[in-house]
Undergrad: 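Structure incoming, see below.
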Amino acid sequence: MAEERELVVEQVGAQGDGLAAGPIFVAGALPGERVEASVAGDRAEVTAVLAPSPDRVAAPCPHFGDCGGCALQHWRAEPYLAWKVEQIRLALGWERLETEILAPYAAPPGSRRRLALHARRGEGGVQIGFKARRSWRLAAIEVCPVADARLVAAFPALRRLASPLFEGPKSAPTLHVTLTETGIDVDITGVERKAGALSADARRQVADAAADADFARVTLDGDALYQARSPAVRVGRASVVLPAGTFLQAVAEAEAAMAAFAGEALAGAKSIVDLYCGVGAFALRLAETASVAAYDVSAPAVTALRSASGATPGLKSVTGEARDLVRRPVLAAELKRTDAAVIDPPRAGAAEQHRELAKSGLARVVSVSCNPTTFARDARILTDVGFSLARVLPVDQFLWSPHVELVGVFERSGA
């Protein structure tokens, strides 16, 4: 049972004044603040700020506090970014790793090109938004300061698009919306399919709404419902046609910054392996100066990468293979003629693949991660065999969230 008490916030993830044996984490509080909060176990929610931090600012979004998409809009930019950098330093410290941590790349407001919007039907019609904080309830939104303005402008059209998707009583649609060079692409999941599909009438209504909004494509779990143009994104010199539902970095500028950092670290390499390549965020840029062997579990992503490389004049050789790198990592013996590697695994990391990199004769590895903890674990595999972690670039791609990404450069001693 929650009870309200006054807490002094010593840090984000605050300690209460003797209220519990361990830390009490106070959502919505900032370091050094005195707040009144509703406490339940080791968690608390701010009910009143009694002595605000000088770093507290007005949140730019009217939905902040209800919408679960952002947690830190009330924190001034400089200490907010410093806290994210500190999370990386702490994660590395757990594995006894020290390195130069560079000034972070910070995505600006209005830069997100991808959103996953939940749609729900209520008495007032269909609403779209994000999950509310610590709840399955939908927090309907009208604006979103992290998203590209062109996505925000499409919210009314996306509500109309979602309206026919509730034929099944268990339908809880999510619209995975991507802004591409050729228009908005939408892949819909979470729709209960009676008899295996939406009705013909529902499909027609979806297509009509998409046509009225001039969307590029709409798919349902990857199956086409409407297409006016192939959704394509620019990756370096190349133009990549996106497979439905494929992974894409959330902010184009962040992707470019990470790729440029990797390119500088791998300058001079003639042959590079790109592990967890996706549609080629790194491979297609690195191929401007080196041959690249690219691997990813997604066959459609690899096909898109290969098609883009083949259609782009001036690139070096790019080969692509669909391969589950968890069950079948690229072996050290397969890397004998390779100079360097870039690896961008999912949040769980890639311990088995890092073990093969450690066994190889590679001189340089660039590791990209959205999870500092698994990055540090995998980094230890490399440093234990003679690599040094030369430097790390923090990347704040998910603005005002607790998440931070990083790119690390590993160099083998004596190589």
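Since this is a predicted model, take the numbers as computed values, not measurements. Each residue takes its place number in the sequence, starting with 1.
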Undergrad: Under 3.5 Å, side chain of Arg323 to main-chain N/O of Arg328, donor-acceptor pair present?
TA: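 Yes, the answer is positive, given that a donor and an acceptor are paired below the 3.5 Å cut-off.
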Undergrad: Is the shortest side-chain N to carboxylate O distance from Arg229 to Glu181 below 4.0 Å?
TA: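 So Arg229 does not pair with Glu181 through a salt bridge.
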Undergrad: Enter the distance from Leu275:CG to Asp344:CG here, rounded to the nearest 0.5 Å.
TA: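 These two atoms lie 10.0 Å from each other.
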Undergrad: Got a donor-acceptor contact below 3.5 angstrom from the Arg217 side chain to the Tyr226 backbone?
TA: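 Not confirmed, Arg217 side chain does not pair with Tyr226 backbone.
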Undergrad: With the side chain counted from C-beta on, respond yes when Leu117 and Phe155 share a heavy-atom pair under 4.5 Å apart, and no when they do not.
TA: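 Of all side-chain heavy-atom pairs linking Phe155 with Leu117, at least one is under 4.5 Å.
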Undergrad: At what distance, to the nearest 0.5 angstrom, does CG of Asp185 lie from OG1 of Thr246?
TA: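 Answer rounded to 0.5 Å: 10.5 Å.
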Undergrad: Are the side chains of Trp75 and Trp83 in contact, using a 4.5 Å heavy-atom criterion?
TA: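 With C-beta onward as the side chain, the pair touches.
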Undergrad: Any donor-acceptor pair under 3.5 Å linking the side chain of Ser53 with the backbone of Glu33?
TA: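 Between the backbone of Glu33 and the side chain of Ser53 there is no qualifying donor-acceptor contact (under 3.5 Å).
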Undergrad: Minimum heavy-atom separation for Val273 to Thr338, with atom names?
TA: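 Smallest heavy-atom distance, with atoms named: N-CG2, 3.7 Å.
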Undergrad: Applying side-chain contact (heavy atoms from CB on, under 4.5 Å), run through Ile88 and Val404 and close with a yes or a no.
TA: CA-CA 8 Å; Ile88 293 174; Val404 61; 3.9 Å; yes
Undergrad: Check the pair Phe282, Leu266 against side-chain contact (heavy atoms from CB on, under 4.5 Å), reporting the backbone distance first and the verdict last.
TA: CA-CA 11 Å; Phe282 295 95; Leu266 301 180; over 6 Å; no
Undergrad: Can you find a side-chain donor-acceptor pair between Asp396 and Tyr80 that sits under 3.5 Å?
TA: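 Side chains of Asp396 and Tyr80: pair found under 3.5 Å.
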Undergrad: Atom CG in Leu389, atom CG in Leu97: separation rounded to 0.5 Å?
TA: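 If we round to the nearest 0.5 Å, Leu389:CG and Leu97:CG are 6.5 Å apart.
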Undergrad: side-chain contact (heavy atoms from CB on, under 4.5 Å) for Val330 and Leu335? Distances and angles first, verdict last.
TA: CA-CA 8 Å; Val330 176; Leu335 298 171; 3.8 Å; yes
Undergrad: If the threshold is 4.0 Å, N to carboxylate O, is there a salt bridge linking Glu95 and Arg377?
TA: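 No, this pair does not count.
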Undergrad: Any side-chain heavy atom of Val407 within less than 4.5 Å of one from Ser367?
TA: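 Counting from C-beta outward, Val407 and Ser367 never come under 4.5 Å.
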Undergrad: Do Leu305 and Cys277 have side-chain heavy atoms sitting under 4.5 Å apart?
TA: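 Touching, per the 4.5 Å side-chain cut-off.
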Undergrad: CD of Glu356 to CD1 of Ile381: how many Å apart, nearest 0.5 Å?
TA: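 Those atoms lie 10.5 Å apart.
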Undergrad: What closest approach, in Å, do Pro394 and Val85 show between heavy atoms, and which atom pair accounts for it?
TA: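 So the two residues come closest at CG-CG2, 4.1 Å.
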Undergrad: So that I can tick it off, tell me whether Arg327 and Glu352 are bridged by a salt bridge, with the cut-off set at under 4.0 angstrom between side-chain N and carboxylate O.
TA: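 Answer for the salt bridge query: no.
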Undergrad: Any idea which heavy atoms bring Pro173 and Phe166 closest together, and the distance?
TA: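 Between these two residues, the closest heavy atoms are CD-CE2, 3.5 Å.
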Undergrad: Counting only heavy atoms not in Glu98 (residues, nucleotides, ligands), do more than 12 fall under 6.0 Å from its CD?
TA: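 No - once you tally the heavy atoms of other residues, nucleotides and ligands closer than 6.0 Å, there are 12 at most.
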Undergrad: Can you give me the closest heavy-atom contact between Cys70 and Val146, atom names plus distance?
TA: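 Answer, listing the atom of Cys70 first, then Val146: SG-CG1, 3.9 Å.
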Undergrad: Answer yes or no: is there a donor N or O on one side and an acceptor on the other, between the side chain of Ser111 and the main chain of Val251, under 3.5 Å?
TA: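 No: the side chain of Ser111 does not pair with the backbone of Val251.
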Undergrad: Ring centres of Phe130 and His118 under 6.0 Å apart?
TA: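 Ring-ring flag for Phe130/His118: false, centres at least 6.0 Å apart.
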Undergrad: Can you check whether Pro372's main-chain N or O pairs, donor with acceptor, with Gln87's side chain at less than 3.5 Å?
TA: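 Judged by distance alone, no pair lies under 3.5 Å.
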Undergrad: Under a 4.0 Å N-O cut-off, is there an ion pair linking Asp384 with Arg380?
TA: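 Judged by the 4.0 Å cut-off on N to carboxylate O distance, Asp384 and Arg380 do form a salt bridge.
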Undergrad: Show me the donor-acceptor pairs within less than 3.5 Å that the side chains of residues 253-263 make with the rest of the protein, sequence neighbours left out.
TA:
| unit_1 | atom_1 | unit_2 | atom_2 | d |
| --- | --- | --- | --- | --- |
| Glu255 | OE1 | Arg113 | NH2 | 3.1 |
| Glu255 | OE2 | Arg285 | NH1 | 3.1 |
| Glu255 | OE2 | Arg285 | NH2 | 3.4 |

Undergrad: Side chain of Ser135, backbone of Arg137: donor and acceptor closer than 3.5 Å?
TA: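 A pair under 3.5 Å: yes.
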Undergrad: State whether the number of non-hydrogen atoms from other residues, nucleotides or ligands found under 6.0 Å of Arg306 atom CZ is greater than 12.
TA: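 Atom CZ in Arg306 is not crowded, with 12 or fewer foreign heavy atoms closer than 6.0 Å.
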Undergrad: Taking C-beta and beyond as the side chain, do Ile188 and His176 meet within less than 4.5 Å on heavy atoms?
TA: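 No - every pair of side-chain heavy atoms lies 4.5 Å or more apart.
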Undergrad: Do you know the tightest heavy-atom contact between Ser230 and Gln227?
TA: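 Smallest interatomic distance, heavy atoms only, reads OG-NE2, 3.4 Å.
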Undergrad: Quick one: does Ser307's side chain get under 4.5 Å of Val241's, heavy atoms only?
TA: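 No, their side chains stay 4.5 Å or more apart.
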Undergrad: Mind checking whether Asp339 and Ile272 have side chains closer than 4.5 Å, heavy atoms only?
TA: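 SC-SC contact between Asp339 and Ile272 ruled out.
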Undergrad: Backbone N or O of Ser401 within a donor-acceptor pair of the Lys84 side chain at under 3.5 Å?
TA: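 Here the side-chain-to-backbone pair exists.
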Undergrad: Do Val26 and Val46 pass the side-chain contact (heavy atoms from CB on, under 4.5 Å) test, and can you show the C-alpha distance, the side-chain angles, and the key distance before you say yes or no?
TA: CA-CA 7 Å; Val26 187; Val46 171; 3.6 Å; yes
Undergrad: Is a donor on one side and an acceptor on the other found under 3.5 Å between the side chain of Arg204 and the backbone of Ala207?
TA: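 Between the backbone of Ala207 and the side chain of Arg204 there is no qualifying donor-acceptor contact (under 3.5 Å).
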Undergrad: Donor-acceptor pair, distance only, cut-off 3.5 Å: does the side chain of Glu45 make one with the backbone of Ala37?
TA: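 No.
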Undergrad: Looking at every non-hydrogen atom in both residues, tell me the closest pair between Thr182 and Ala216 and how far apart they are.
TA: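 Minimum heavy-atom contact is O-CB, 3.8 Å.
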Undergrad: Is the shortest heavy-atom distance from the side chain of Leu165 to the side chain of Leu175 under 4.5 Å?
TA: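 Yes, side chains in contact.
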Undergrad: Is there a donor-acceptor contact under 3.5 Å from the side chain of Arg347 to the main chain of Cys370?
TA: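 Side chain of Arg347 to backbone of Cys370, a donor-acceptor pair under 3.5 Å: yes, one is there.
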